[in-house]
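Proteins come first, then strands; the chains are lettered A, B, ... in the order of their sequence lines, and each starts at number 1.
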Number of protein chains: 2
Amino acid sequence: MITSRDVARLAGVSQPTVSRALRDDPKVSEATKQRVREAALALGYAPNAIGRALSVGRSTRVGLVVTDLENQFYAHVIAPMHHELERLGYELVLITESSESAPVAEHVTAHGLCGVVLATTTVESVVPVRLQDRGVPFVYFNRTSQSVQADAVTVDPENGVRELLEDAIGKGHRRIGAIFGPRNTSTGEQRENAVHAVLDEHGLALAHRDVRHGPFDFRTGHEGLRALLDRADPPTLVLCGNDVVALGALNAAAELGLAVPDDVSIAGFDDLPTSSWALIRLSTVAYDLDEMSREAARLIVARVERPDAPPAHPVYPTRYVARATIAAPRP
Amino acid sequence: MITSRDVARLAGVSQPTVSRALRDDPKVSEATKQRVREAALALGYAPNAIGRALSVGRSTRVGLVVTDLENQFYAHVIAPMHHELERLGYELVLITESSESAPVAEHVTAHGLCGVVLATTTVESVVPVRLQDRGVPFVYFNRTSQSVQADAVTVDPENGVRELLEDAIGKGHRRIGAIFGPRNTSTGEQRENAVHAVLDEHGLALAHRDVRHGPFDFRTGHEGLRALLDRADPPTLVLCGNDVVALGALNAAAELGLAVPDDVSIAGFDDLPTSSWALIRLSTVAYDLDEMSREAARLIVARVERPDAPPAHPVYPTRYVARATIAAPRP
DNA sequence: CTGAAAGCGCTTACAG
DNA sequence: CTGAAAGCGCTTACAG
């Protein structure tokens with residue numbers, strides 16, 4: 001391995017001077033900076049991040065905590081977040097929260113991460129408390145938690161849900177069902193509340209037997225739709241907790257030989273790229289997930305660099321994207 | 001931060017003894033191991049990976065180099081690879097190879113990765129050479145390169161392609177087109193060669209105008225299908241370089257108002273989960289991508305731990321999965 | 001079986 | 001403006 005010592009020798013300066021010169025420390029003269037840069041280039045030297053991390057007491061690596069790496073939702077979080085972190089000089093490390101793996105907080109301190117983005121926190125999770133105890137900076141992504149104050153980036157479902165439901169109600173839907181996300185996530189709860197609120201304004205309500213809950217995954221939608229429609233008097237519209245759930249529902253409908261939207265209407269939430277495919281055309285609620293993901297990257301970096309700044313909580317607006325899965329119910 | 005020094009103080013031993021005890025060094029007595037473990041537990045101590053990395057001269061973090069994090073193919077690589085690496089006590093770090101970012105080899109040494117998995121190497125890439133120059137262990141994933149010898153895990157397309165083509169030819173397809181992957185990847189080339197070989201055996205060939213090439217992404221399939229079918233005398237079957245390309249083709253067909261497989265048959269390669277959706281039912285070539293991804297994790301770890309072992313190159317077999325996108329062409 | 005010493009590659013007061 | 005010294009949290013010969 002080639003180190004700053006090697007560069008120092010070649011440039012004829014001391015090792016600390018190499019360190020300063022390469023970080024463009026104003027106290028170093030231009031002339032020696034020049035010499036050091038040339039030596040570094042000649043040797044193909046780049047400062048070692050591990051030495052630096054140990055020395056300054058923190059790394060430039062942030063963890064992203066997720067539960068389900070196969071879930072396509074996360075691909076669209078990871079890509080922009082990774083890109084933004086890289087731009088800011090940080091690295092992205094994936095952490096999955098599973099029963100087998102070490103508890104998140106321990107993992108983070110043991111691996112020397114400087115901060116973490118929590119993308120799958122449940123309402124009752126102890127992770128935020130543990131992180132706080134250990135003094136690890138973190139931000140909530142697409143989640144919040146009452147227990148611990150922290151930066152958060154979330155979505156306000158209200159507008160999108162309202163526009164969607166008003167379209168659906170206008171088309172004649174009265175009997176509405178739902179396959180919501182997990183009750184123990186702020187996201188799931190918030191979307192559910194938005195639905196109840198808007199329906200209530202229109203004098204409508206979800207019948208208890210028309211509602212299902214489950215993790216935000218394909219299977220939840222797949223099984224949920226079968227459960228809701230395998231009855232004499234099914235709902236005419238099924239709202240889904242997110243697009244991945246809706247994709248499961250859409251495919252279940254196809255398996256049941258049901259035409260969407262002629263036999264049943266289906267709605268999603270997230271507007272993932274897949275949802276706009278010609279073969280899918282899912283009517284859904286959209287927001288700027290790319291920008292949210294980048295914003296989370298910026299927030300965690302800001303938090304790491306200035307731990308005492310007041311917490312920020314940007315909230316992203318939503319809008320309805322009408323495509324081909326909501327139509328008037330059969331008379 | 002709580003360190004081995006703190007644990008030492010509490011346990012009444014020296015700091016190095018803590019280090020040894022926690023790594024279960026046989027030279028430490030059971031009694032003091034016990035005492036040290038208790039102290040560590042009481043303080044919530046876990047050895048700091050950064051200190052360790054600096055001390056032993058290498059980290060336990062392996063990089064996965066990809067070009068396109070949004071591509072769903074990679075989600076199905078990242079998840080099992082991450083899981084297996086974690087099981088082996090290693091971390092997964094994502095590296096995207098883009099013009100903006102620092103060259104891969106520099107990134108790797110600067111960030112102190114112990115090894116890397118190359119999942120998107122082109123045939124002419126200089127990355128393998130650079131890594132070799134710097135003495136960084138790496139393994140090719142779903143790729144190989146002539147330039148530098150290294151561990152590799154790849155797929156043998158031959159059997160799957162043969163089974164698929166024999167089915168298609170048996171159904172009556174003679175005029176066959178293709179949207180292959182990039183010519184400058186071993187994977188693209190190998191699959192293309194397999195197609196030519198099998199067709200040749202059957203006295204068939206691809207007409208030059210029925211062939212397109214492009215990156216392994218949705219757009220390649222989407223645009224490729226339009227280009228191939230927007231003619232008086234189009235092919236009756238379009239082979240795609242992989243499933244993501246085929247998904248693009250399938251959707252393009254839908255947009256053109258073409259029924260698959262009635263108006264045109266389409267085939268993929270990879271058998272991603274999406275391909276088995278009721279709404280997709282893509283006929284494709286399957287292999288064990290999960291196991292391949294785990295195997296790559298095992299190979300890079302083995303290489304890091306025993307740099308002088310002879311290179312391994314497991315090759316995974318393929319098989320045809322007939323679903324609903326290949327049928328007899330219209331008479 | 002255990003401790004004192006040295007060192008991994010950096011950064012950062014402290015002198016000069 | 002630059003260097004010598006100390007230290008970040010570990011591991012690893014080396015003594016004993």
*salt bridge (charged side-chain N to carboxylate O under 4.0 Å, His left out) against B:Arg37, all qualifying residues, sequence neighbours excluded*: B:Asp24
*Inter- and intrachain pairs under salt bridge (Lys or Arg N to Asp or Glu O under 4.0 Å), touching residues 55-79 of chain A, at least two apart*: A:Arg61-A:Glu91, A:Arg61-B:Glu91
*Figure out the CZ/C1' separation between A:Arg9 and C:dG9, and round it to whole Å.*
13 Å
Contact list (N/O, under 3.5 angstrom) for nucleotides 11-13 of chain C vs protein:
{"residue": "C:dT11", "atom": "OP1", "partner": "A:Arg23", "partner atom": "NE", "Å": "3.3"}
{"residue": "C:dT11", "atom": "OP1", "partner": "A:Arg52", "partner atom": "NE", "Å": "2.9"}
{"residue": "C:dT11", "atom": "OP2", "partner": "A:Ser19", "partner atom": "OG", "Å": "2.0"}
{"residue": "C:dT11", "atom": "O4'", "partner": "A:Ser55", "partner atom": "OG", "Å": "2.4"}
{"residue": "C:dT11", "atom": "O4", "partner": "A:Gln15", "partner atom": "OE1", "Å": "3.4"}
{"residue": "C:dT12", "atom": "OP2", "partner": "A:Arg23", "partner atom": "NH1", "Å": "3.4"}
{"residue": "C:dA13", "atom": "N6", "partner": "A:Arg20", "partner atom": "NH2", "Å": "2.5"}

*Is any side-chain nitrogen or oxygen of A:Ser14 closer than 4.0 Å to OP1 or OP2 of D:dG3?*
yes
*Separation of atom CG in B:Asn48 from atom P in C:dC8, rounded to whole Å*: 18 Å
*Could you list the residues that satisfy ring pair (Phe, Tyr, Trp, His ring centres under 6.0 Å) with B:His111, not counting sequence neighbours?*
B:His107
*Kindly write out the residues that satisfy salt bridge (charged side-chain N to carboxylate O under 4.0 Å, His left out) with B:Asp288, not counting sequence neighbours, or none if the list is empty.*
none
*Does B:Val28 or A:Met1 map to a spot on DNA chain C nearer the 5' end, using the closest nucleotide for each?*
B:Val28
*Rounded to whole angstroms, how far apart are CZ on A:Arg58 and P on C:dC10?*
18 Å
*Between C1' of D:dC10 and NE2 of A:His111, the distance in whole Å*: 15 Å
_Distance check needed: D:dT2 C1' versus A:Leu22 CG, whole Å only._
16 Å
_Residue list, salt bridge (charged side-chain N to carboxylate O under 4.0 Å, His left out) with A:Glu295, at least two apart or on another chain_ = A:Arg298
*Please lay out, stage by stage, how B:Ser293 and B:His76 fare under the test side chain to side chain donor-acceptor pair (under 3.5 Å).*
CA-CA 8 Å; B:Ser293 307; B:His76 303 292; over 6 Å; no
_The criterion is side-chain contact (heavy atoms from CB on, under 4.5 Å); which residues satisfy it with A:Ala312, sequence neighbours excluded?_
A:Asp151, A:Leu299, A:Pro314
*Applying salt bridge (Lys or Arg N to Asp or Glu O under 4.0 Å), which residue pairs with at least one partner in residues 115-142 of chain B are found, sequence neighbours left out?*
B:Glu106-B:Arg134
*asked:* I want to confirm an ordering. Mapping B:Leu54 and B:Thr32 to their closest nucleotides on DNA chain C, which one lands closer to the 5' end?
replied: B:Thr32
*Rounded to the Å, how far apart are A:Asp25 CG and D:dT2 P?*
10 Å
*Given the rule that a pair is Watson-Crick or G-U wobble with both distances under 3.5 Å, how would you write DNA chain D in dot-bracket, using | for pairs to a different strand?*
|||.||||||||.|||
*When the distance from NZ of B:Lys33 to C1' of C:dT2 is rounded to whole Å, what number comes out?*
13 Å
_Under 4.0 Å between a side-chain nitrogen and a carboxylate oxygen: does that hold for B:Arg35 and B:Glu38?_
no
*asked:* Output the rounded distance in Å from CZ (A:Arg5) to P (D:dA5).
replied: 12 Å
